[in-house]
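The sequence lines fix the lettering, A, B, ..., with proteins before strands; numbering per chain opens at 1. Predicted model only: the values in this text are computed from it and were never measured.
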There are 2 protein chains.
Amino acid sequence: MPSPSSPQRRPGRPRAGSEDKRARILAEAFRLFAEKGFAATSLGDVAAAAEISKAGLLHHFGSKEGLYTAVLEQRDADDFVGMTDIGDDVWAYLDTWVDLARDNARSPEMVRLYSAMAVDGVEADHPAHRWLHQHFARAVEATADAFEQGKAAGTVHPDAPSHELARTVVALSDGMQLQWLCARADAAADGREVTATPDHTGLPLDLAAQMRLVVDLIAARWRRPA
Amino acid sequence: MPSPSSPQRRPGRPRAGSEDKRARILAEAFRLFAEKGFAATSLGDVAAAAEISKAGLLHHFGSKEGLYTAVLEQRDADDFVGMTDIGDDVWAYLDTWVDLARDNARSPEMVRLYSAMAVDGVEADHPAHRWLHQHFARAVEATADAFEQGKAAGTVHPDAPSHELARTVVALSDGMQLQWLCARADAAADGREVTATPDHTGLPLDLAAQMRLVVDLIAARWRRPA
DNA sequence: GAATTTATCGACCGGACGGTCAATAACTTG
DNA sequence: CAAGTTATTGACCGTCCGGTCGATAAATTC
């Protein structure tokens with residue numbers, strides 16, 4: 001006699017208007033991959049979280065790798081750096097990097113997922129590699145372009161090494177995220193409440209402020225009055 | 001009749017003067033963890049590489065986690081940033097960061113292992129977390145100390161934010177390693193020979209040069225003539 | 001309303017993985 | 001030389017994992 005308080009689903013197509021399971025699975029997979037990493041998250045974990053069977057999950061995504069790439073593609077849609085219309089003001093564009101850091105500080109799961117994918121993806125045969133490669137290429141090129149346009153507009157010293165500076169901004173963003181995640185985990189483990197509010201996190205590391213510092217460093221060296 | 005060309009070992013203690021299996025296992029584990037990541041490397045893989053049985057491996061290290069921490073401890077012994085005698089010249093100390101980047105470019109497996117551990121270790125309950133925390137703390141504090149000593153010696157502007165600059169250097173080092181690994185994997189996948197020589201790698205990314213760039217950026221803003 | 005398509009399930013499979021155990025052979029100690 | 005210790009093996013175990021298969025039921029098409 002099945003308990004009436006656990007109305008488990010029977011096989012068969014669900015009634016119309018039911019939850020969009022595919023979206024639910026993507027959301028839960030995103031969360032779990034970010035929390036525990038890709039390799040350490042099983043299809044069973046994701047299925048349980050999405051309240052569907054493993055077989056049901058595979059029906060939608062075919063394989064674990066299929067699920068992974070679907071999550072990646074969805075995340076790519078949210079990725080806005082390299083997309084924003086930069087105009088020709090590099091320094092305003094660099095501010096969007098600082099803003100991005102501030103946004104990231106609000107969604108540590110996202111940061112965790114990104115970092116995990118970034119390390120997994122360095123291997124050329126990994127499913128995430130193509131994604132990572134494009135991500136780096138887009139971010140670096142967009143930023144380098146911004147510097148070049150700044151030179152054309154006269155707001156950047158013509159000797160500034162655009163490409164190398166762009167790489168620096170991207171690397172700093174990634175590396176700082178690692179330190180921030182580590183500090184955050186420490187704080188959480190110590191039982192200290194880690195507030196979700198972005199402006200004062202109580203952490204010894206302010207993601208946005210650190211980005212600001214480097215942007216200012218670059219500006220101090222290469223900015224030209226317009 | 002066992003082939004004479006495959007003299008497989010029989011059970012029992014090996015003859016005196018044989019290979020130091022423990023060291024061999026550590027070396028192979030290091031290599032494999034770096035190549036494929038911790039989770040994706042099985043005890044069987046390591047055992048096969050070290051030419052010992054799985055049971056023999058477990059005899060030395062007790063568990064997979066035991067092996068992991070042993071590898072970590074060995075790596076720590078080689079970790080020299082934060083250890084070097086910095087004297088009171090920050091700018092010379094920052095050069096050791098550039099040198100470290102140059103060294104790292106010679107051992108991509110090391111870089112890969114470090115990056116993998118860095119991401120795994122952000123989780124507070126992961127076996128590598130303590131290691132990562134100490135690693136960050138040591139690197140940042142040593143560098144921050146160097147800036148502070150520079151202030152005392154008068155070679156650094158008193159308003160320089162030592163701690164934040166230190167974090168920047170560490171983050172840049174980590175983040176740039178990620179881009180470098182990615183670029184390297186791309187080059188290797190394209191069949192282009194990736195030369196082991198450090199001075200010209202043929203890569204679109206020179207690890208040491210990128211570090212140099214940021215060090216110069218910091219110096220341009222905060223250095224004081226002695 | 002019959003046939004088809006779609007979403008879901010439970011059961012199952014083959015394999016890998018981390019780990020245990022008893023046996024064996026070389027050294028170490030008495 | 002006998003007893004104990006140490007390094008090693010092959011065989012085995014329980015578990016979990018990614019994936020397949022056939023059944024089922026709602027929705028859709030004809």
Side-chain angles (χ1 to χ4, degrees), chain A residues 1-3 6-29 32-33 35-71 120 125-128, chain B residues 2-3 6-29 32-33 35-71 120 126-128:
Chain A
M1 106 180 184
S3 144
S6 65
Q8 282 156 331
R9 200 102 53 58
R10 300 183 329 292
R13 181 169 179 152
R15 298 298 174 91
S18 306
E19 189 185 12
D20 178 356
K21 278 297 181 189
R22 195 170 192 282
R24 174 75 182 282
I25 292 168
L26 273 178
E28 301 289 350
L32 288 171
F33 287 167
E35 272 175 18
K36 317 198 302 170
F38 173 66
T41 303
S42 72
L43 291 181
D45 292 340
V46 178
E51 291 171 295
I52 195 178
S53 70
K54 221 177 13 156
L57 191 158
L58 265 330
H59 167 71
H60 288 291
F61 298 99
S63 70
K64 195 185 184 187
E65 186 174 315
L67 175 59
Y68 196 79
T69 55
V71 169
D120 287 349
D125 56 354
H126 192 277
Chain B
S3 141
S6 64
Q8 283 156 334
R9 199 100 53 53
R10 299 184 329 292
R13 181 169 181 155
R15 298 298 174 90
S18 308
E19 191 186 11
D20 178 354
K21 278 298 181 189
R22 196 172 192 281
R24 173 75 182 281
I25 292 167
L26 274 178
E28 301 289 349
L32 288 171
F33 287 167
E35 272 173 20
K36 317 200 301 172
F38 174 67
T41 303
S42 74
L43 291 181
D45 292 340
V46 179
E51 291 171 295
I52 194 177
S53 70
K54 221 179 14 161
L57 192 160
L58 265 331
H59 167 70
H60 288 291
F61 298 100
S63 71
K64 195 187 185 185
E65 185 174 316
L67 174 60
Y68 196 77
T69 55
V71 169
D120 287 349
H126 192 278

Worksheet item: Just checking Ser18(A): base, sugar-phosphate only, or nothing, at a heavy-atom cut-off of under 4.0 Å?
Response: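 No contact at all - Ser18(A) keeps every heavy atom at 4.0 Å or more from the nucleic acid.
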Discussion item. Just to be sure I understand the rule, does Ala16(A) reach a base, reach only the sugar-phosphate, or reach nothing, if contact means heavy atoms closer than 4.0 Å?
Written reply: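 If one applies the 4.0 Å heavy-atom cut-off, Ala16(A) turns out to touch the sugar-phosphate alone, with no base involved.
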Discussion item. At less than 4.0 Å, is any side-chain N or O atom of Ser42(A) found next to OP1 or OP2 of dC16(D)? Yes or no.
Written reply: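 Answer no for this pair, as no side-chain N or O of Ser42(A) is under 4.0 Å from OP1 or OP2.
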Practice prompt. Check whether any side-chain N or O of His60(B) sits under 4.0 Å from OP1 or OP2 of dT6(D), and answer yes or no.
Written response: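 Result: no.
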Going from [atom1] on [X] to [atom2] on [Y], what distance comes out if it is rounded to the nearest 0.5 angstrom?
X        : Y        : atom1 : atom2 : answer
Ser42(A) : Lys36(A) : OG    : NZ    : 6.0 Å
Arg22(A) : Ile52(A) : CZ    : CD1   : 11.5 Å
Asp45(A) : Lys54(A) : CG    : NZ    : 10.5 Å
Glu28(B) : Leu57(B) : CD    : CG    : 11.0 Å
Ile25(B) : His59(B) : CD1   : NE2   : 9.5 Å

Discussion item. Is it the case that atom CD in Glu65(A) sees more than 12 heavy atoms from other parts of the structure closer than 6.0 Å?
Written reply: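 No, because the 6.0 Å sphere around CD of Glu65(A) holds 12 heavy atoms or fewer from other groups.
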Starting at atom [atom1] of [X], determine the distance to atom [atom2] of [N], rounded to an integer number of angstrom.
X        : N       : atom1 : atom2 : answer
Glu19(A) : dA7(C)  : CD    : P     : 14 Å
Arg22(B) : dT6(D)  : CZ    : C1'   : 14 Å
Phe38(A) : dG18(D) : CZ    : C1'   : 11 Å
Ile25(A) : dA7(C)  : CD1   : P     : 11 Å
Leu57(A) : dC17(D) : CG    : P     : 13 Å
Leu58(B) : dT9(D)  : CG    : P     : 12 Å
Arg24(A) : dA7(C)  : CZ    : P     : 17 Å

Worksheet item: Which class fits the ring pair Phe33(B) and Phe38(B): parallel under 30°, tilted 30 to 60°, perpendicular over 60°?
Response: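 If you compare the ring of Phe33(B) with that of Phe38(B), the planes turn out perpendicular.
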Protein-nucleotides 3-6 of chain C N/O pairs closer than 3.5 Å?
| unit_1 | atom_1 | unit_2 | atom_2 | d |
| --- | --- | --- | --- | --- |
| dT6(C) | O4' | Arg13(A) | NH1 | 3.1 |

Worksheet item: Which pair of heavy atoms, one from Leu32(A) and one from Ala49(A), lies closest together, and at what distance?
Response: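 In terms of heavy atoms, the two residues are closest at CD1-CB, 3.9 Å.
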Closest to side chain of [X], choosing from [options]:
X        : options                  : value
Pro14(B) : dC9(C), dG19(D), dA7(D)  : dA7(D)
Arg15(B) : dA26(C), dA7(C), dG10(D) : dA26(C)
Leu43(A) : dG19(D), dG18(C), dT8(D) : dG19(D)

Fill in: Student check: side-chain heavy atoms of Phe61(B) and Thr69(B) closer than 4.5 Å
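Answer no - side chains too far apart.
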Worksheet item: In residues 44-54 of chain A, which ones come under 4.0 Å of DNA chain C, going by heavy atoms?
Response: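 Contacts with DNA chain C under 4.0 Å: Ile52(A), Ser53(A).
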